[in-house]
Structures are given as structure tokens and as C-alpha cells.
Amino acid sequence: MTRTEEFIDKITTILKILPVHTEVSISVTENNTTTYYGLKNEGEEISYLNNKTSAFEIGSVTKSFTGNVLAQLEVEGKISLDDPISDFLHFELKGNSAITLKQLGMHTSGLPRMPIGYDDRRNFIKENPFSNYYEEDLISYLKNDLKMESQPGERVMYSNLGFGLLSYVMSRIQGQSFAEIVETIIFKPLKMQHSAFSINRISTKVINGLDKEGNYTPHWDGGILDGCIGIISTSEDLAKFAMATLDVKNKTTDLQVSNAVLAKPEVYSAIGWVLVKSSETESILKINGGTAGSSSSIFLNRRNQKALTFCSNIHPDTYMDIIEPLCSEVVK
């Protein structure tokens with residue numbers, strides 16, 4: 001039995017203990033060939049289906065796309081990774097913190113995980129927490145209420161705010177919405193036909209998220225922080241992105257990976273990716289994401305030219321506990 005077959009076997013077993021309507025859509029790429037696997041808990045049995053074009057919220061997997069856009073702008077000579085973001089903003093950050101584009105992309109900006117107090121605002125919607133947070137809210141927070149968690153460049157601290165701000169800055173640089181930028185320089189060139197930031201622009205079946213009890217969860221919008229969480233995509237489209245990332249001639253990926261800082265033993269924060277490497281194993285690039293009731297991953301081994309993409313409506317807590325640890329085995 002191959003590693004992939006063992007993996008699918010384990011996923012099938014896990015699905016049996018998860019809620020009815022739990023669905024996964026997986027791609028495995030090896031030797032430039034991609035194979036798709038679709039599985040769903042139907043209650044009485046696990047069914048196997050062709051769902052490679054079914055769309056799921058991919059949450060923070062969006063950050064790998066945001067990092068890719070940043071690296072492309074550097075490769076094209078439009079920016080330098082070390083440019084301070086103040087060069088592109090029409091206001092000053094409170095405390096005038098000297099944050100660079102690269103620090104936003106590597107989670108070393110010192111910004112908090114989310115804007116402090118964003119969930120205390122009058123129009124906050126718990127079921128869709130990133131919605132109703134607008135450009136004026138972001139600017140007001142950064143100008144008047146920003147409190148840094150550390151000095152820029154001092155340490156790795158995961159920040160949705162940082163990636164949301166990065167996408168906002170790049171939209172100012174390009175003079176387009178961030179969704180339009182990603183559409184133009186990633187989705188269209190790679191023929192990712194069923195990927196978008198707005199659920200209203202998805203022309204294929206969208207799979208509803210599920211909570212731990214199997215109840216449907218509401219859709220999340222990324223709002224002004226789109227660059228940290230906003231993409232909806234399919235296993236087929238993510239496989240196209242993964243194959244482009246695997247390409248050893250891809251200067252954009254090289255730039256993303258070559259800028260990496262140690263976050264914890266054997267784990268590095270790169271631009272839009274997590275790099276796992278040790279003296280005993282192959283280097284693995286990965287990114288995970290979750291929303292209220294959906295979870296996704298991309299795992300890559302550029303040396304062995306292997307990739308795994310995983311889309312699901314599995315609750316993020318369950319996914320990270322029992323699914324995510326299995327994924328790296330497929331690409332070793």
C-alpha cells in the first residue's frame with residue numbers, strides 16, 4: 001500500500017466518527033500527475049465522489065497567496081521587501097513603528113493577532129467576525145489605538161492583522177482591490193476558475209461548513225482583512241497553485257522560502273508559508289487554514305516534487321488534532 005493509499009484509508013476511518021455530511025476533497029500531485037479523492041459521510045456509509053470542483057472556505061491558506069503576491073511584486077521590481085509600509089500609507093501608525101513589507105509577510109511585524117477591540121464594535125457579528133470591518137475602521141485603529149506586541153523584527157508572532165494590513169498596502173501600491181490583484185496575477189494565469197474572495201462570484205457548488213455537532217456554520221467574509229482569510233477555492237484549483245509552487249524555476253516561491261526565520265525548533269516562518277525542516281527529514285512547505293466550520297491545507301515537497309491539498313468542512317479544532325498531523329506523510 002502506498003503512502004497515499006494509507007492516508008486515504010485513515011481519512012475514511014476518521015470520517016466515520018465525524019458528523020453526517022462531513023466532506024473532504026483531496027488532491028495528491030506526484031511526477032506532474034494529480035489524482036483527486038472525494039469522500040463524504042452519508043450517515044450509513046462513506047461515499048466516494050468526484051468533488052474536485054466543489055468549493056470550500058480555505059481560511060488562512062489565503063496567506064500563501066498573499067505572500068505570493070508580495071514576492072511577485074519584488075520579482076517584478078515594483079517594491080523591495082525591506083520597504084517600510086509607511087512609504088505606501090497616507091497616515092502614520094500610532095508610535096510610528098517602522099514595519100517593513102517583509103515583516104508583515106513573515107509574522108515578525110510585532111502586530112497583535114487581531115485589532116484589539118475589533119470584536120467590541122457595535123456592528124460586530126460573532127457568526128461572521130471579519131465582516132463589517134472597513135477601511136476606516138482599520139485606519140482608525142492603526143492611527144489611534146495600535147498597541148504593538150513586540151518590536152518589528154524581534155520575534156515571530158502570528159498575526160491576521162499583519163496579513164490583512166499587507167493586502168491593504170499592496171492594494172494601495174497596485175491601485176486595485178486585493179481581490180482584483182489576486183485574480184489578475186494568480187487565479188487567471190493558473191486557470192483557477194472556481195476561486196474567488198466573494199461567495200457571490202463562485203460558479204460551482206459551495207460546501208457548507210459544519211460545527212463539531214454537525215450543524216451548518218455561516219460563511220465568513222474577509223472584509224478589509226481579506227489577505228489573511230478571504231479565499232474560497234477547490235482542490236482542483238489549489239492543486240494548480242501547488243504545482244506552480246513546486247516548480248523549481250519559480251523565482252517567486254524561491255523568494256518566499258529563502259526569507260525564513262526560526263519560529264520554534266525545526267519550524268520556520270517564511271513569506272506566506274511555514275517551512276518545516278530538520279537534519280533528518282525533507283523540507284516541507286505547508287499552510288493550514290480554518291473558518292467557523294471549514295479547514296484546508298497545502299503540503300509541498302519541492303525536492304521530491306510532491307504536493308497535497310486538502311479541503312474540508314471539518315471543524316478546525318478537530319482538523320488540526322487528527323487530520324493535519326497525517327498530511328506531511330503523503331509528501332515525504
Side-chain angles (χ1 to χ4, degrees), residues 7 10-11 14 18 22-29 37 55-68 105-107 113-114 129-130 156-164 166 195 207 209-212 217 220 222 225-235 237-239 241-242 245-246 253 256-257 260 263-277 281-302 306-332:
F7 177 73
K10 290 176 182 177
I11 298 302
I14 291 169
L18 296 180
T22 297
E23 184 170 342
V24 303
S25 183
I26 302 165
S27 78
V28 177
T29 300
Y37 305 87
F56 297 76
E57 294 178 351
I58 67 170
S60 285
V61 172
T62 301
K63 291 181 174 71
S64 59
F65 290 81
T66 305
N68 184 282
M106 295 175 66
H107 295 291
R113 186 182 186 94
M114 288 293 292
F130 289 80
V156 175
M157 293 187 61
Y158 191 87
S159 178
N160 284 320
L161 170 60
F163 264 80
L166 177 59
S195 298
I207 305 302
L210 299 176
D211 65 17
K212 292 180 180 179
T217 57
W220 278 11
L225 302 177
D226 249 353
C228 77
I229 204 166
I231 293 177
I232 304 160
S233 190
T234 69
S235 63
D237 279 2
L238 290 185
F241 181 66
T245 305
L246 282 178
T253 304
Q256 288 179 263
V257 177
K264 57 185 179 181
E266 300 184 355
V267 178
Y268 295 77
S269 180
I271 296 177
W273 291 100
V274 174
L275 174 62
V276 182
K277 64 178 181 178
T281 60
E282 297 280 353
S283 293
I284 303 295
L285 273 182
K286 70 175 185 176
I287 186 82
N288 302 305
T291 57
S294 298
S295 299
S296 297
S297 294
I298 302 176
F299 278 69
L300 302 158
N301 184 328
R302 294 184 84 201
K306 295 180 181 180
L308 165 79
T309 74
F310 197 115
C311 297
S312 76
N313 61 353
I314 298 171
H315 188 275
D317 291 346
T318 304
Y319 182 85
M320 292 303 293
D321 283 345
I322 63 176
I323 302 285
E324 198 272 352
L326 303 175
C327 292
S328 61
E329 295 299 319
V330 179
V331 300
K332 285 183 177 177

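- Taking both residues in full, the closest heavy atoms of L275 and A260 are given as CD2-CB, 4.4 Å, listed atom of the first, atom of the second, then distance.
- Looking at heavy atoms from C-beta onward, M106 lies out of side-chain contact with Y268 at the 4.5 angstrom threshold.
- Proximity of a side-chain donor or acceptor of S295 to a complementary backbone N or O of I314 within less than 3.5 Å is detected.
- Between S296 and S312, the shortest heavy-atom contact is OG-N, 4.2 Å.
- Of all the heavy atoms in C311 and L238, the pair that sits closest is SG-CD1, 3.6 Å.
- At least one donor-acceptor pair under 3.5 Å links the side chain of Q256 to the backbone N or O of I271.
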Working for side-chain contact (heavy atoms from CB on, under 4.5 Å), residues H315 and T217: CA-CA 10 Å; H315 188 275; T217 57; 6.0 Å; no
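- Of the possible donor and acceptor atoms, one in the side chain of H107 sits under 3.5 Å from a partner among the backbone N and O of S159.
- Going from atom OG1 of T291 over to atom CZ of F56 covers 11.0 Å, rounded to the nearest 0.5 Å.
- Listed here is the closest heavy atom pair of C327 and F310: SG-CD1, 4.5 Å.
- Taking the side chain as every heavy atom from C-beta outward, I298 and W273 approach each other to under 4.5 Å.
- Residue A307 comes nearest to L300 through the heavy atom pair CB-CD2, 3.5 Å, listed as atom of the first residue, atom of the second, then distance.
- A donor-acceptor contact shorter than 3.5 Å links the side chain of N301 to the backbone of V331.
- Remark: aromatic rings of Y37 and F7 are distant, center separation not under 6.0 Å.
- Residues Y319 and S297 approach most closely at OH-OG, 2.7 Å, considering heavy atoms.
- The closest side-chain heavy-atom distance from I231 to V61 is not below 4.5 Å.
- Side-chain atoms of K306 and V330, non-hydrogen and from C-beta on, never get closer than 4.5 Å to each other.
- For S235 and T309, the side-chain atoms include no donor-acceptor pair closer than 3.5 Å.
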Full working for side-chain contact (heavy atoms from CB on, under 4.5 Å) between S233 and F65: CA-CA 12 Å; S233 190; F65 290 81; 5.6 Å; no
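- Within the 4.5 Å cutoff, the side chain of F241 has heavy atoms near those of the S64 side chain.
- In terms of modelled atom types and a separation under 3.5 Å, the side chain of E57 and the main chain of W220 share a donor-acceptor contact.
- At a threshold of 4.5 Å between non-hydrogen side-chain atoms, the residues I323 and I11 count as touching.
- Proximity of T22 to N313: side-chain heavy atoms (C-beta onward) are separated by under 4.5 Å at one or more points.
- Counting heavy atoms from C-beta on, the side chains of E324 and F299 come closer than 4.5 Å.
- Distance alone, capped at 3.5 Å, is enough to place a donor-acceptor pair between the K63 side chain and the C228 backbone.
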